[in-house]
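As the structure is a prediction and not an experimental result, all values here were calculated from the model.
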Amino acid sequence: MTKRLTEVAKKAGVSEATVSRVLNGRDGVSEATRTAVLTALDVLGYERPTKLRGERARLVGLVLPELQNPIFPALAEVVTGTLAQRGYTPALCARTIGGVSEMDYVEMLLDHQVSGVIFAGGSYALADARHDHYRRLTDRGLPVVLVNAGVDELGFPRVSTDDAVAVEQAYGHLRSLGHERIGMVLGPEGHVPSRRKLDAMVQAADWGVAEQECVERSSFSMEGARVAATKLVERGVTGIICASDVLALGTIRAARRLGRAVPTDISVVGFDDSAFMTCTDPPLTTVRQPIETMGQAAVDLLVTQIEGAGVLQDELLFEPELVVRGSTAPAPGR
């Protein structure tokens, strides 16, 4: 108990006596100090006293699928900083292979009486995944915001990049360079943002059934992209649009292993404009997601719910920006 008092006091910036008064429900403590102590208790992983468990902390969970893809640390930086400015303490939950699952993180966050949760790249984006843990949040009436497209039936507010505009920009760029045989490396079949990108490509390129051979699916890894892109290159594709920068880097690796030069033989367009894409060889042409604006909007939507001002059910779509660098060039023979 003494150790706990010391740690919580240090975290909250108050005396141990003040922590004791808060935990025992005594008077003489300001609301701001009381909130700081309870938040410190939650952040450090200690259980609240039974009589205080019904109150939510000013603690917000941010659940990410990974931290290896630079786009997710970039989003985390925006969201955590914006939450802190609004007076909330962020709790970062990043999944790892064979580690804590998204479902487990939800249970942990519920145990800590969080005020709300922001998800990015979760199983809500996979149509064939389990969604039971999201429904638990709905049953609890907990404010939730999803970053990027997900299955419709969950009913949570969403902040998304406009996938249709992203594909139109990428496709238009490759066509302007004279590419006629254009393919796509997308995420898994049930991945909703990838579905949207494919639908947009069908519209933009007027694809029929025959053109579907220009699409390959992959996990969001360079290894998976290399396998998928190899098939496209072998089918004569000269321009490839990828559903993420990681997939684009795997595509470049595939082209080189087949003895093709990027961009002389194969042009590649990524999606995200994550960190260090200016430092790749060649620098990657990609469609930039407005991460800072989206992260701030996600926090605004969540705080609006927490403060009881209602829930915006519509999906907010943000327009991406094509950033042309060195991985695209005129089609061979042009």
Side-chain angles (χ1 to χ4, degrees), residues 39 42-43 57-96 102 105-106 109 112 114-125 134 137 142-150 156-163 165-166 169 187 192-193 196 220 243-248 270-280 284 286-307 309 311-312 314-323:
T39 300
D42 294 328
V43 170
R58 292 181 68 83
L59 186 68
V60 171
L62 172 60
V63 183
L64 303 176
E66 57 168 311
L67 290 176
Q68 291 183 333
N69 185 335
I71 199 67
F72 293 116
L75 176 66
E77 183 176 8
V78 175
V79 170
T80 56
T82 307
L83 283 170
Q85 290 172 0
R86 302 292 292 269
Y88 290 87
T89 301
L92 179 60
C93 305
R95 304 200 311 274
T96 56
E102 185 177 73
Y105 272 131
V106 166
L109 292 171
H112 282 82
V114 293
S115 296
V117 185
I118 296 174
F119 291 91
S123 57
Y124 64 86
Y134 298 119
L137 297 174
L142 198 71
V144 172
V145 174
L146 309 179
V147 178
N148 272 335
F156 295 133
R158 285 173 286 174
V159 174
S160 305
T161 299
D162 194 324
D163 290 303
V165 172
Q169 291 177 348
V192 176
R196 290 185 174 188
F220 282 95
S244 76
D245 289 342
V246 171
L247 295 182
F271 179 82
D272 283 337
D273 194 29
S274 46
F276 310 121
M277 292 305 106
T278 58
C279 304
T280 58
L284 186 66
T286 186
V287 180
R288 176 182 295 160
Q289 292 200 72
I291 288 298
E292 183 169 355
T293 306
M294 291 172 63
Q296 291 171 347
V299 172
D300 288 343
L301 280 174
L302 191 76
V303 172
T304 298
Q305 293 180 70
I306 293 171
E307 294 177 348
V311 180
L312 178 67
D314 295 333
E315 180 178 16
L316 297 182
L317 290 177
F318 289 79
E319 186 161 333
E321 175 189 2
L322 178 69
V323 181

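- For the residue pair Asn148 and Tyr124, the shortest heavy atom distance occurs at O-CE1, 3.4 Å.
- Taken to the nearest 0.5 Å, the CG atom of Leu302 stands 9.5 Å off from the CZ atom of Arg86.
- Counting only distance, with no hydrogens or angles, the side chain of Arg58 and the backbone of Gly87 share a donor-acceptor pair below 3.5 Å.
- The CE atom of Met277 sits 12.5 Å away from atom CZ of Arg288, with the distance rounded to the nearest 0.5 Å.
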Donor-acceptor list for residues 156-163 side chains, cut-off 3.5 Å, not counting sequence neighbours:
{"unit_1": "Arg158", "atom_1": "NH1", "unit_2": "Gly150", "atom_2": "O", "d": "3.0"}
{"unit_1": "Arg158", "atom_1": "NH1", "unit_2": "Asp152", "atom_2": "OD1", "d": "3.3"}
{"unit_1": "Arg158", "atom_1": "NH2", "unit_2": "Asp152", "atom_2": "OD1", "d": "3.4"}
{"unit_1": "Ser160", "atom_1": "OG", "unit_2": "Ala149", "atom_2": "N", "d": "3.3"}
{"unit_1": "Ser160", "atom_1": "OG", "unit_2": "Glu315", "atom_2": "OE2", "d": "2.5"}
{"unit_1": "Thr161", "atom_1": "OG1", "unit_2": "Gln289", "atom_2": "OE1", "d": "2.4"}
{"unit_1": "Asp162", "atom_1": "OD1", "unit_2": "Ala164", "atom_2": "N", "d": "3.2"}
{"unit_1": "Asp162", "atom_1": "OD1", "unit_2": "Val165", "atom_2": "N", "d": "3.3"}
{"unit_1": "Asp163", "atom_1": "OD1", "unit_2": "Lys197", "atom_2": "NZ", "d": "2.6"}

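- For the pair Ala91 and Leu109, the tightest heavy-atom approach, listed with the atom from each and the gap, is CB-CD2, 4.4 Å.
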Stepwise, does the side-chain contact (heavy atoms from CB on, under 4.5 Å) test hold for Tyr134 with Val144?
-> CA-CA 9 Å; Tyr134 298 119; Val144 172; 5.8 Å; no
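- Taking the side chain as every heavy atom from C-beta outward, Glu319 and Gln169 approach each other to under 4.5 Å.
- The two atoms that bring Ala298 and Val145 nearest to each other are O-CG2, 3.7 Å, heavy atoms only.
- With rounding to the nearest 0.5 angstrom, the OH atom of Tyr105 is 8.0 Å from the CG atom of Leu92.
- Rounding to the nearest 0.5 angstrom, the gap separating the CD1 atom in Ile291 from the CD atom in Gln296 is 11.5 Å.
- Counting only heavy atoms from C-beta outward, the side chains of Val117 and Val106 never approach each other to under 4.5 Å.
- Applying the side-chain hydrogen bond (donor to acceptor under 3.5 Å, both in side chains) test between Thr286 and each of Asp273, Asp245, Asp272 identifies Asp245 as the sole match.
- For the residue pair Pro143 and Ser115, the shortest heavy atom distance occurs at CD-O, 3.3 Å.
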Compile the donor-acceptor pairs under 3.5 Å between side chains in residues 67-81 and protein atoms, sequence neighbours left out, one pair per line.
{"unit_1": "Asn69", "atom_1": "OD1", "unit_2": "Ile71", "atom_2": "N", "d": "3.1"}
{"unit_1": "Thr80", "atom_1": "OG1", "unit_2": "Ala76", "atom_2": "O", "d": "2.6"}
{"unit_1": "Thr80", "atom_1": "OG1", "unit_2": "Glu77", "atom_2": "O", "d": "3.3"}

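- Contact record, Ala248 with Gly270: CB-CA, 3.7 Å, taken as the closest heavy-atom pair.
- With sequence neighbours excluded, no residue forms a ring pair (Phe, Tyr, Trp, His ring centres under 6.0 Å) with Phe271.
- Between Val303 and Tyr88 there is a side-chain heavy-atom pair separated by less than 4.5 Å.
- In this structure, the separation between CD1 on Ile306 and CG on Leu301 is 11.0 Å, given to the nearest 0.5 Å.
- Other residues, nucleotides and ligands contribute at most 12 non-hydrogen atoms within 6.0 Å of the CD atom of Glu292.
- Heavy-atom minimum distance, Phe119 versus Glu102: CD2-OE2, 3.7 Å.
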